[in-house]
Amino acid sequence: MTKLGKLYGLGIGPGDPELLTLKAHRILTTVPVIAYPTSENSKSLARAIVANVIRSDQTEIPMYLPFNIHESSQPYYDQAAQQISQYLELKQDVAVLCEGEPMLYGSFMYIFQRLSGKFSTEVVPGISSITASAAMLSVPMTYRNDVLTIIPATLDEVKLRDRLAVADAVVIIKLGRHFAKVRNILDELGLLQRALYIERATQTEQKIISITEVEPTEVPYWSLILIPSHFN
């Protein structure tokens, strides 16, 4: 059997380079090929997090992924998977960088779905923005038997309201342009006083702002609202 390259999905944390695990660092500094998502302006948060440890002799694969409502990103994942597979077939290991935790709303999941059945694959867990945000906000998320619910802000108002109404503790992710909708529902349900807002957790641009003072038009994708459970 011909030996092929190995595919790695590296969780590299939410932004602070010092939150990179020792295992991710070892793999990142030894593989010949590194792939990472980029946005429309060619910027890559994933690459920026580990920029100081990338070697000049490593091959880089920027994976352009559109993050807007008008264009599906799935064809771009197809293209990225094809590029990565070319190096794997040449017996070169490839590490795909993923902000936060690869298996929790991580971009690597879609590469994993396409390639893990064809190539040896290893996923290295990372610190998620959810747990990092709780640490930065200095607040426990849950107590005792409370249930933590993770809700994408992209849900419609009815689903958002239904899930928030019965939750013990909540993390609302993917805020961006959905912030105003979420804030209105929180106010309606009497949850606004418990809600904590943070953007770009652990990054140099991190901001913790009172949720009532947030400007909806300036809320980035990399932001979330944490509603911790009551301590009784």
Side-chain angles (χ1 to χ4, degrees), residues 11 13-15 37-41 43-46 49 65-74 76-77 98-110 126-142 146-203 205-230:
T38 63
S39 60
E40 288 85 349
N41 55 14
K43 290 185 178 180
S44 173
L45 172 59
I49 293 172
L65 301 174
F67 291 101
N68 61 65
I69 61 174
H70 304 295
E71 187 175 12
S72 171
S73 60
Q74 296 310 307
Y76 294 91
Y77 280 113
C98 184
E99 302 95 337
E101 160 55 41
M103 295 309 199
L104 183 65
Y105 296 101
S107 57
F108 177 72
M109 292 188 299
Y110 303 103
I127 296 174
S128 74
S129 62
I130 293 170
T131 53
S133 293
M136 295 301 100
L137 290 165
S138 298
V139 60
M141 289 186 284
T142 54
D146 288 339
V147 176
L148 175 65
T149 303
I150 302 173
I151 304 177
T154 51
L155 293 181
D156 63 52
E157 291 187 23
V158 174
K159 290 182 179 178
L160 270 170
R161 188 178 293 103
D162 289 346
R163 284 161 173 74
L164 285 166
V166 298
D168 296 322
V170 184
V171 176
I172 307 172
I173 61 174
K174 303 182 181 181
L175 285 174
R177 63 186 182 85
H178 301 281
F179 175 82
K181 172 185 67 177
V182 173
R183 185 174 63 183
N184 290 340
I185 294 174
L186 293 177
D187 191 21
E188 175 188 330
L189 295 175
L191 296 172
L192 208 56
Q193 294 299 317
R194 287 169 53 201
L196 303 171
Y197 173 88
I198 184 171
E199 59 186 57
R200 299 186 172 93
T202 79
Q203 299 174 35
E205 304 89 352
Q206 172 183 293
K207 289 183 181 179
I208 297 175
I209 313 169
S210 170
I211 195 168
T212 57
E213 297 177 2
V214 176
E215 171 52 54
T217 60
E218 298 178 1
V219 174
Y221 178 85
W222 302 107
S223 60
L224 61 79
I225 292 172
L226 171 60
I227 305 174
S229 60
H230 289 292

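Keep in mind the model is a prediction, meaning the values are calculated, not measured.
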Query raised in the report: Just by distance, do the side chain of Ser128 and the backbone of Thr131 share a donor-acceptor pair under 3.5 Å?
Result: yes
Query - Gln203 versus Pro14, closest heavy-atom pair with distance - result: NE2-O, 3.2 Å
Query raised in the report: Could you state the interatomic distance from CG (Asn184) to CD (Glu157), rounded to the nearest 0.5 Å?
Result: 8.0 Å
Report summary line: Heavy atoms of Gly13 and Ile49 approach each other most closely as O-CD1, 3.8 Å
**Report entry** Interatomic spacing from OG1 in Thr142 to NE2 in His230 - rounded to 0.5 Å
**Finding:** 13.5 Å
Query raised in the report: Do Ile227 and Ile225 pass the side-chain contact (heavy atoms from CB on, under 4.5 Å) test, and can you show the C-alpha distance, the side-chain angles, and the key distance before you say yes or no?
Result: CA-CA 7 Å; Ile227 305 174; Ile225 292 172; 4.2 Å; yes
Report task. Show your reasoning for whether side-chain contact (heavy atoms from CB on, under 4.5 Å) applies to Asp156 and Lys181. Result -> CA-CA 9 Å; Asp156 63 52; Lys181 172 185 67 177; 5.8 Å; no
Report task. Taking all non-hydrogen atoms of both residues into account, name the closest pair between Leu160 and Pro152 and its distance. Result -> CD2-O, 4.0 Å
Query raised in the report: Can you tell me if CD on Gln193 sees more than 12 non-hydrogen neighbours from other groups inside 6.0 Å?
Result: no
Report task. Enter the distance from Leu192:CG to Ile185:CD1 here, rounded to the nearest 0.5 Å. Result -> 12.0 Å
Report task. Could you tell me the separation between the CZ atom of Phe108 and the CD atom of Glu99, rounded to the nearest 0.5 Å? Result -> 13.5 Å
Requested in this report: Can you sort out the partners of Ser138 under side chain to side chain donor-acceptor pair (under 3.5 Å), two or more places apart, ordered by chain and number?
Outcome: none
Query raised in the report: At their closest point, which heavy atom of Ser129 faces which heavy atom of Leu224, and how far apart are they?
Result: O-CD2, 3.9 Å
Query - Over all atoms of both residues, closest heavy-atom pair of Glu101 and Gly126 - result: OE1-N, 2.9 Å
For residues 161-174, run the donor-acceptor check on the side chains, cut-off 3.5 Å, and write out each pair with its distance to 0.1 Å, sequence neighbours left out.
from   : atom 1 : to     : atom 2 : distance (Å)
Arg161 : NE     : Glu188 : OE1    : 3.4
Arg161 : NE     : Glu188 : OE2    : 2.9
Arg161 : NH2    : Glu188 : OE1    : 3.4
Asp168 : OD2    : Val147 : N      : 2.9

Requested in this report: Before giving the answer on side-chain contact (heavy atoms from CB on, under 4.5 Å), spell out for Met141 and Ile130 the whole-Å C-alpha distance, their side-chain angles and the decisive distance to 0.1 Å.
Outcome: CA-CA 10 Å; Met141 289 186 284; Ile130 293 170; 3.9 Å; yes
Query raised in the report: In Å and rounded to the nearest 0.5 Å, what is the CD1 to CG distance from Ile150 to Leu148?
Result: 5.5 Å
Requested in this report: Count the heavy atoms belonging to other residues, nucleotides or ligands that lie under 6.0 Å from OH of Tyr110, then report whether that count exceeds 12.
Outcome: no
Report task. Specify whether Tyr197 and Phe179 have parallel, tilted or perpendicular ring planes, treating 30° as the upper limit for parallel and 60° as the lower limit for perpendicular. Result -> perpendicular
**Report entry** Leu45 CG to Cys98 SG distance, which is reported to the nearest 0.5 Å
**Finding:** 10.5 Å
Query raised in the report: Closest heavy-atom contact between Leu186 and Ala195?
Result: CD1-CB, 4.0 Å
Report task. Dump the intermediate steps for side-chain contact (heavy atoms from CB on, under 4.5 Å) on Ser133 and Leu226, then the final yes or no. Result -> CA-CA 8 Å; Ser133 293; Leu226 171 60; 5.7 Å; no
